[in-house]
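None of the values given here were measured: they were computed from a predicted structure. Residue numbers count from 1 along this sequence.
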Amino acid sequence: MLRDRLYGDEPAQSRIFRFHCETLFSRSSLHQFEIGLHRHSSFFQVLYISEGEGDATLDGTVQAIRPPAAIIVPADFEHGFRFSRNIAGVIVTLLPGALSTSVQSVLRRHFRRPTLLALQDHAEKQAIHAAFAQIAQEYGAHSVGRDAMIEGQIAVIATLLARAARPKIREAGGNLTESRFDLLLSLITRHIREPRHTQFYAGKLGLSQTHLNRLVRAACGLSLQRLIAKRHIEVAQQELLFTLSTVQVISDRLGFADPSYFCRFFKRETGMTPREWRFAERERMSKLQPDAAGVGIPDIERSAVAPLIGLVNDTSTEASESQKDGAAFGISN
């Protein structure tokens with residue numbers, strides 16, 4: 001998790017989060033519907049525009065926005081937006097390191113630069129719309145399993161937008177090694193509890209070790225050893241959070257011969273020992289469980305999805321319609 005600021009926030013408003021969601025209207029309306037040029041050193045952002053129009057400046061190029069559309073902005077790229085006053089949709093801000101290796105790989109392979117995707121004629125546009133709606137609803141509700149649900153929908157969005165981007169990638173000369181890399185990810189997942197090295201995976205894929213490492217770096221920017229280490233951490237964190245297994249048991253399950261080495265490895269990767277991470281994460285999750293009065297929900301998050309997606313003015317007529325027929329992404333007041 002990282003402490004950073006969103007556009008327009010003051011330094012005192014910086015917060016630690018893995019992902020953040022708010023409506024396009026809620027933030028842009030504070031700035032006369034114009035988000036000036038800026039960049040984030042760490043955040044990956046995805047915008048979904050369901051209504052309204054505007055233009056996006058992405059890495060120096062101005063492009064018109066015609067809904068439905070999605071805009072993907074990787075870290076370190078300058079971007080800015082101008083929206084009409086009837087803009088509707090959401091922006092999801094992610095810390096890539098908090099995502100699974102497979103989702104990170106999809107995003108890195110398909111969205112190395114800012115991309116605007118027109119979705120008017122895309123076959124999966126309803127599924128994309130529904131996934132963003134689910135994230136907005138879960139983010140504001142703070143229900144049990146909130147993070148898991150959001151992470152799942154992020155995976156859906158990443159995959160569907162990657163598929164929508166394929167024609168652009170082919171036009172630009174697409175990557176021919178994707179199927180091999182996808183197979184490698186499957187092999188790593190299948191053998192994550194066994195001590196496997198580069199030679200094993202190279203043999204399975206029919207490649208030399210040098211060629212395999214080159215393929216991995218091209219696909220995700222990591223060495224194979226680092227890719228496997230990240231997957232080890234993901235599995236360890238899942239077991240620390242969702243099981244009562246001891247650190248030694250988890251270490252054994254992941255194929256570490258020495259629990260002490262596992263603890264040093266975990267701390268090197270996360271900055272905390274397994275026990276420290278387990279306590280901190282469970283403490284964080286307990287604070288996200290709201291009581292009847294909404295205690296435990298920070299004010300900035302409680303208002304993050306208001307006004308509702310698809311609604312510019314929360315009039316009683318519009319609100320009742322959204323509650324009745326699931327408009328505004330199915331979020332009720």
Can you hop from [X] to [Y] via hydrophobic side chains spaced under 4.5 Å?
X: I49; Y: Y7; result: yes
X: V249; Y: I233; result: no
X: Y201; Y: L215; result: yes
X: V156; Y: L107; result: yes

*asked:* Between E234 and S100, do the side chains contain a donor N or O and an acceptor N or O under 3.5 Å apart?
replied: no
So, are [X] and [Y] salt-bridged, with charged N and O less than 4.0 Å apart?
X: R27; Y: E22; answer: yes
X: R39; Y: D76; answer: no
X: R193; Y: E239; answer: yes

*Applying side-chain contact (heavy atoms from CB on, under 4.5 Å), name anything that partners S84, two or more places apart in sequence or on another chain.*
E53, N86
*Looking at L161, I154, T159, which hits side-chain contact (heavy atoms from CB on, under 4.5 Å) with I157?*
L161
*side-chain contact (heavy atoms from CB on, under 4.5 Å) partner of I135, chosen from V90, V92, V46*: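 When V90, V92, V46 are each tested with I135, the side-chain contact (heavy atoms from CB on, under 4.5 Å) holds only for V92.
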Please verify the inter-ring angle class for [X] with [Y]; under 30° counts as parallel, over 60° as perpendicular, anything in between as tilted.
X: F256; Y: F265; answer: tilted
X: H40; Y: H79; answer: tilted
X: F262; Y: F266; answer: tilted

*asked:* Within 45 degrees of the ring normal and closer than 6.0 Å to the centroid, is that where the cationic atom of R196 sits relative to F200?
replied: yes
State whether the number of non-hydrogen atoms from other residues, nucleotides or ligands found under 6.0 Å of [X] atom [atom1] is greater than 12.
X: Q248; atom1: CD; result: no
X: R278; atom1: CZ; result: yes
X: E276; atom1: CD; result: yes

*Any chance the rings of F33 and F25 have centres within less than 6.0 Å?*
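Yes.
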